[in-house]
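Letters A, B, ... are given to chains in the order of the sequence lines, protein chains preceding strands, and every chain is numbered from 1.
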There are 2 protein chains.
Amino acid sequence: MYAISKKSKYALRALFELARRYHQGPVLIAELSKHQRIPKKFLELILLELRNQGMLGSKKGKGGGYFLARAPSTISLGEIIRALDGSLAPVPCVSQTAYRTCEECEDEATCGIRVVMQEVRDTTAEILDRENLADMLRREERLEQRRSKVPVYAI
Amino acid sequence: MYAISKKSKYALRALFELARRYHQGPVLIAELSKHQRIPKKFLELILLELRNQGMLGSKKGKGGGYFLARAPSTISLGEIIRALDGSLAPVPCVSQTAYRTCEECEDEATCGIRVVMQEVRDTTAEILDRENLADMLRREERLEQRRSKVPVYAI
DNA sequence: ATATACTCTACTCAATTGATAGACTGAATA
DNA sequence: TATTCAGTCTATCAATTGAGTAGAGTATAT
């Protein structure tokens with residue numbers, strides 16, 4: 001159907017790292033770029049955008065870098081994706097944050113597509129707004145533990 | 001986040017009409033184009049694609065046109081969208097029909113994004129695969145009836 | 001034979017996405 | 001206060017995708 005943009009995916013990875021290092025003070029773009037394998041210049045734009053929206057803080061000069069402006073548990077995946085891609089909705093006419101009428105649509109009130117897509121949007125938003133950065137860290141830790149317990153027979 | 005393409009949206013509308021007229025024999029592209037306000041040449045491509053995938057049948061020459069190859073109740077919205085847009089998944093690594101590894105991803109097994117996006121994909125697919133053309137006709141009828149009962153005070 | 005109506009390939013055009021370049025600004029510190 | 005560090009910002013670019021158009025070709029009914 002569609003996909004979240006690389007921008008959002010990059011942002012999620014970068015913010016995971018910022019969440020993991022929440023108590024370490026500012027983190028360099030260069031480090032995030034290297035660890036998460038994100039083109040540095042592109043990452044700059046992404047972080048800047050999130051900073052200008054208030055989700056991140058930054059500090060210039062030596063000892064500077066980026067950091068989460070709020071606690072990891074208060075930043076949801078939905079908020080991050082919306083911040084960069086604008087909306088979670090599969091069609092603009094069911095978006096909460098970026099509503100636009102579908103120009104080909106004669107009458108929204110009787111549009112069956114709309115009703116179904118509304119349901120898709122709602123369940124999607126429910127999932128993505130429920131999951132926050134702190135959850136994700138825990139989740140990834142669990143996955144890594146489980147993984148390391150699985151015996152690997154291949155050489 | 002993303003949106004279904006106009007192609008899919010046009011297809012849904014056109015197929016709704018084909019479902020509504022399921023027992024009337026072939027329907028002209030020109031009629032579908034006019035009724036659903038879809039650019040004719042663009043609609044040709046869409047219907048052709050769906051025909052080549054076996055969802056539609058067609059007949060050339062006088063008395064020709066397009067028709068559903070199967071009963072409306074056996075064609076789901078998910079199938080239509082997948083046929084044209086390729087996938088319902090928000091990231092390629094959780095797509096059932098168009099799986100592709102995310103090149104920036106180091107390890108799928110421990111990727112938290114993947115787990116959450118899998119859930120998004122599953123609930124989306126559950127909704128769209130459950131809804132079929134016959135359901136949609138009933139749904140739109142209900143909506144129209146409800147609408148016509150609402151008193152309209154505007155002139 | 002002719003008109004009808006789908007079939008198919010090839011374009012075109014605009015918008016979006018992903019990415020890069022380089023000058024600029026503010027902070028730290030030697 | 002000069003230097004270095006590191007984020008800020010604007011501009012630009014290339015590639016891809018999405019939407020739409022053109023026109024010749026083919027099958028069918030009458």
Please determine if B:E140 and A:R114 form a salt bridge, counting it only when a charged side-chain N lies under 4.0 Å from a carboxylate O. no

Expected output: side-chain B:T74 to main-chain B:A71 donor-acceptor under 3.5 Å: yes

Ignoring backbone atoms, establish whether B:S58 has a side-chain N or O less than 4.0 Å from OP1 or OP2 of C:dT7. yes

Provide, to the nearest angstrom, the distance between the CG atom belonging to A:L48 and the P atom belonging to C:dT25. 15 Å

With the threshold set at 4.0 Å, does a side-chain nitrogen-carboxylate oxygen contact exist between A:R13 and A:E17? no

Could you state the CG-P distance from B:L28 to C:dA3, rounded to the nearest angstrom? 18 Å

Residues from residues 8-16 of chain A sitting under 4.0 Å of DNA chain C, heavy atoms only? A:Y10

Could you state the NZ-P distance from B:K6 to C:dA14, rounded to the nearest angstrom? 16 Å

Residues B:N132 and B:S73: side-chain donor-acceptor under 3.5 angstrom: no

Can you check whether A:I4's main-chain N or O pairs, donor with acceptor, with A:S8's side chain at less than 3.5 Å? no

Would you kindly give the CD-to-C1' distance between A:E49 and C:dT17, to the nearest whole Å? 13 Å

Under 3.5 Å, side chain of A:R82 to main-chain N/O of A:G86, donor-acceptor pair present? no

Whole angstrom value for the distance that separates P of D:dG7 from CG of A:L43: 10 Å

Could you check how far CG of B:L56 sits from P of C:dC6, rounded to whole Å? 12 Å

Can you tell me if the side-chain N/O atoms of A:R51 get under 4.0 Å from OP1 or OP2 in D:dG7? no

Going by an N to O cut-off under 4.0 Å, is there a salt bridge joining A:E119 and B:R130? yes

Taking only Lys NZ, Arg NE, NH1 and NH2, and the carboxylate oxygens of Asp or Glu, determine whether A:E31 and A:R21 approach each other closer than 4.0 Å. yes

Taking atom P of C:dA19 as reference, at what distance in whole Å does atom CD1 of A:I38 sit? 10 Å

I'd like to know whether the aromatic ring centres of A:Y22 and A:F67 sit less than 6.0 Å apart in this structure. no

Atom CG of A:N52 and atom C1' of C:dT25: how far apart are they, to the nearest Å? 14 Å

Any chance you could list the contact pattern along nucleotides 21-30 of chain D? Use B for base contacts, S for sugar-phosphate-only contacts and - for none, protein heavy atoms under 4.0 Å, 5' to 3'. BBB--BBBS-

